[in-house]
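In what follows, a single structure is set out as structure tokens and then discussed.
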Amino acid sequence: MLMPGGFCEEREMTEEVSTVVIGLRNDIQQKCSGGEFAQFQPISYTQQVVAGMNYIVKIKVQDEVFIHAKVHLPLPHTQQPAVLMAVQPNKTQQQAIDPFSFS
């Protein structure tokens, strides 16, 4: 259940969220290492309703190697693009997305 101002439970990836994250691939790569990822497959996400939407996305970047990326998607009427806010490298598939670790 989505709590006002809070993040929801981790969810399976949707095409909409995947498209946003794939559009930020270069920014995410630069923030992590500057090199190109072997893979880039968004797996799951959590979201927070704000003035727009915050997403924290689990992304597979190599066999058994994942990252978590925090992305802000402004409200549609602003016509502003999605923005990468933070990245946490060196995650595993089993590690749950923790919104509080981005604070």
Side-chain angles (χ1 to χ4, degrees):
M1 171 174 250
L2 188 59
M3 179 177 63
F7 279 89
C8 68
E9 71 284 347
E10 194 167 333
R11 299 176 175 181
E12 289 186 31
M13 185 52 53
T14 65
E15 185 175 338
E16 178 184 357
V17 176
S18 181
T19 299
V20 170
V21 174
I22 289 171
L24 293 170
R25 179 178 179 154
N26 289 337
D27 293 341
I28 294 169
Q29 287 178 159
Q30 287 181 345
K31 192 110 176 168
C32 277
S33 64
E36 192 165 326
F37 295 131
Q39 301 176 26
F40 194 83
Q41 180 183 4
I43 301 293
S44 60
Y45 71 98
T46 184
Q47 67 184 24
Q48 176 188 37
V49 178
V50 291
M53 191 73 72
N54 286 336
Y55 296 105
I56 301 177
V57 182
K58 182 181 293 184
I59 306 165
K60 183 175 185 176
V61 295
Q62 191 174 340
D63 289 340
E64 305 302 317
V65 179
F66 294 76
I67 62 170
H68 294 173
K70 186 173 184 180
V71 172
H72 176 71
L73 183 62
L75 291 169
H77 77 273
T78 67
Q79 298 181 346
Q80 297 297 309
V83 176
L84 176 64
M85 298 173 69
V87 175
Q88 293 179 340
N90 303 318
K91 299 291 184 177
T92 66
Q93 185 170 6
Q94 293 74 28
Q95 283 180 284
I97 295 172
D98 179 9
F100 298 107
S101 67
F102 280 91
S103 300

Nearest non-hydrogen partners of P42 and I22, listed with the distance: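 The pair with the smallest heavy-atom distance is CG-CG1, 4.3 Å.
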
Could you pull out all residues at least two apart from T19 that satisfy side-chain contact (heavy atoms from CB on, under 4.5 Å)?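 In terms of side-chain contact (heavy atoms from CB on, under 4.5 Å), with neighbours along the sequence ignored, T19 is linked to E15.
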
Is there a donor-acceptor pair under 3.5 Å between the side chain of [X] and the backbone N or O of [Y]?
X: K58; Y: Q95; answer: yes
X: Q30; Y: R25; answer: no
X: E10; Y: I97; answer: yes

Stepwise, does the side-chain hydrogen bond (donor to acceptor under 3.5 Å, both in side chains) test hold for Q88 with S101? CA-CA 9 Å; Q88 293 179 340; S101 67; 3.0 Å; yes

Can you confirm whether [X] sits close enough to [Y] that some side-chain heavy atom of one is under 4.5 Å from a side-chain heavy atom of the other?
X: E12; Y: S44; value: no
X: V71; Y: N54; value: no
X: D63; Y: Q39; value: yes
X: I67; Y: F37; value: yes
X: M53; Y: H72; value: no

Measure the CD1-NZ distance between I43 and K91 for me, rounded to the nearest 0.5 Å.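 One gets 15.5 Å once the value is rounded to the nearest 0.5 Å.
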
Taking atom CZ of F40 and atom CG of N26, what is their separation to the nearest 0.5 Å?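 CG of N26 is found 9.0 Å from CZ of F40.
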
Of all pairs that satisfy ring-ring contact (aromatic ring centres under 6.0 Å, His included), the ones with a partner from residues 50-69, not counting sequence neighbours: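 Only Y45-Y55 qualify under ring-ring contact (aromatic ring centres under 6.0 Å, His included).
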
Under 3.5 Å, which donor-acceptor pairs do the side chains of residues 74-85 form with other protein atoms, sequence neighbours left out?
unit_1: T78; atom_1: OG1; unit_2: L75; atom_2: O; d: 2.7
unit_1: T78; atom_1: OG1; unit_2: Q80; atom_2: N; d: 3.4
unit_1: Q80; atom_1: NE2; unit_2: T78; atom_2: O; d: 3.4

So if I apply the side-chain contact (heavy atoms from CB on, under 4.5 Å) rule between K70 and each of V57, I56, T46, which one comes out positive?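 Testing K70 for a side-chain contact (heavy atoms from CB on, under 4.5 Å) against V57, I56, T46 leaves exactly one candidate, I56.
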
